[in-house]
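Just so it is clear: chains get the letters A, B, ... in the order the sequence lines come, proteins before strands, and each one is counted from 1. Keep in mind the model is a prediction, meaning the values are calculated, not measured.
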Amino acid sequence: MPPGAHGRARVVRDAPRGVGPGALLPRDFFARPAQEVAPGLLGCVIESQAPDGLVAVALTEVEAYAGAADPASHAYRRQTRRTAVMFGAPGHAYVYFTYGMHFCVNLVCLPEGTASAVLLRSGAVIEGVALARQRRLAARRGSRGEPGRRDAPGGQGGGGPGVPGGPGVSGGAGWRAESGGRGLTDRDLARGPARLCQALGVDRSLNGVDMCDPGSPLRIRAAAAPPGSILRGPRVGVSSAASVPWRFWIAGEPAVSDYRAYAPRRRKPSARP
DNA sequence: CACCCGATCGTCT
DNA sequence: GACGATCGGGTGC
């Protein structure tokens with residue numbers, strides 16, 4: 001069973017009418033419910049313009065969150081300081097921090113005063129691959145000790161996984177970086193919401209930025225997914241409304257999260273005497 | 001490959 | 001005081 005096969009179903013969507021490929025998506029594109037916007041975002045390109053360079057990612061997987069109508073949404077109960085951006089104007093980025101170490105980014109939908117958003121889950125890096133890889137590796141080091149060890153020579157002797165001429169899904173995907181790219185394939189650069197943010201250099205400082213502004217550090221350009229390529233299924237890691245099929249992805253794309261049904265974590269047993 | 005677990009902290013109850 | 005819209009490393013089959 002391929003990733004995300006659970007509950008999959010084909011989706012027919014309306015292409016972003018009147019928006020030529022490469023143009024920034026207009027704000028009114030986002031002034032609709034997230035579940036309508038979401039499939040239209042697949043194939044579109046997120047551009048991150050930072051001092052250290054440009055990274056562009058073509059979206060392959062997204063999830064819709066319907067605010068007040070959706071128990072799984074951060075905006076389900078009421079507006080808080082954290083979720084304020086979701087209640088603002090459409091076309092802006094809602095960035096949140098989770099698990100004490102990761103960022104995730106959403107695109108705000110519906111007009112101001114109402115909350116709805118699309119979580120960007122995965123993408124394929126189509127520009128700035130070297131920078132994206134550098135950021136991913138840096139984040140990896142930072143999260144877990146091991147500060148030293150810069151490019152331990154060690155050689156990748158051992159019985160490396162090899163995988164020389166495997167049936168590459170999209171050409172040469174799957175090759176590892178020569179130095180230090182231990183196990184980090186192109187496919188994994190922006191696969192998963194937190195990894196996507198790492199690759200793009202997205203953090204708290206970008207919360208609220210306007211994705212429709214050409215001068216913004218984070219922008220989104222129109223592009224089409226292959227016709228008939230969009231599938232949908234339940235959202236990942238969602239504890240409520242788990243059966244709502246508001247996760248959308250591009251069929252056959254390597255850069256899509258593995259499907260994991262929600263499972264409550266076990267709590268640390270209280271060591272009481 | 002499947003499953004388990006630890007890291008780590010802002011947010012809400 | 002719990003618990004995530006997660007990730008990555010480890011273990012064990």
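Side-chain atoms of A:Q198 and A:R136 form a donor-acceptor pair, as typed in the model, at a separation below 3.5 Å. In this structure, a donor-acceptor pair under 3.5 Å is present between the side chains of A:E61 and A:S122.
Both geometric conditions, a ring-centre gap below 5.5 Å and a plane tilt below 30°, are fulfilled for A:Y99 over the base of C:dG4. Stacking is found between A:Y65 and the pyrimidine-like six-membered ring of the C:dA5 base under the 5.5 Å centre-distance and 30° plane-angle cut-offs.
Separating the CZ atom of A:R247 from the P atom of C:dT6 is a distance of 11 Å, rounded to the nearest angstrom. Between A:R121 atom CZ and C:dA5 atom P the separation is 11 Å, expressed in whole Å. Taking atom CG of residue A:L107 and atom P of nucleotide C:dA5, one finds them 18 Å apart after rounding to whole Å. As a whole-Å value, the separation of A:R81 CZ from B:dC12 P is 11 Å. Residue A:N207 contributes atom CG, which lies 16 Å from atom P of C:dA5 at whole-angstrom precision. Atom pair A:R191:CZ and C:dT6:P shows a separation of 14 Å (rounding to whole Å applied). The distance between atom CG of A:L196 and atom P of C:dA5, rounded to the nearest whole Å, is 17 Å. Atom-to-atom, CG of A:L184 to C1' of C:dG9 comes out at 14 Å; the value is rounded to the nearest Å.
Ring geometry for A:F97 versus A:F103: interplanar angle of 30 to 60°, hence tilted.
Not one side-chain nitrogen or oxygen of A:R204 sits closer than 4.0 Å to the OP1 or OP2 atom of B:dG10. Residue A:T98 places no side-chain N or O under 4.0 Å from the OP1 or OP2 atom of C:dG4. In this model, the phosphate group of B:dC12 is not approached by any side-chain N or O of A:R78 to a distance below 4.0 Å at OP1 or OP2.
Of the candidate nucleotides C:dA5, C:dC7, C:dG8, C:dG8 has the atom lying nearest to any side-chain atom of A:R140. Among the nucleotides C:dA5, B:dC12, C:dC7, the one closest to any side-chain atom of A:L119 is C:dA5. Nearest nucleotide to the A:M101 side chain, out of B:dA7, B:dT11, C:dG8: B:dA7. With distances taken from any side-chain atom of A:A194 to the nucleotides C:dG9, B:dT11, C:dT6, the minimum falls on C:dT6. In the set C:dC7, C:dG8, C:dA5, the nucleotide with an atom closest to the side chain of A:M86 is C:dA5. Side-chain proximity of A:Q198 to the nucleotides C:dA5, C:dG8, B:dT11 is greatest for C:dG8. In this structure, of C:dT6, B:dC12, B:dC9, it is B:dC9 that holds the atom nearest to the side chain of A:F97. Closest to the A:R195 side chain, of the nucleotides B:dT13, C:dG8, B:dC12, is C:dG8.
Counting heavy atoms from C-beta on, the side chains of A:I220 and A:V45 never come closer than 4.5 Å.
Counting only distance, with no hydrogens or angles, the side chain of A:S48 and the backbone of A:L200 share a donor-acceptor pair below 3.5 Å.
For the residue pair A:I250 and A:L59, the shortest heavy atom distance occurs at CD1-O, 3.7 Å.
Between the side chain of A:Y96 and the base of C:dA5 there is at least one donor-acceptor pair of N/O atoms closer than 3.5 Å.
Shown here, B:dC4 forms a base pair with C:dG9; the pair counts as Watson-Crick or G-U wobble because both key distances fall under 3.5 Å.
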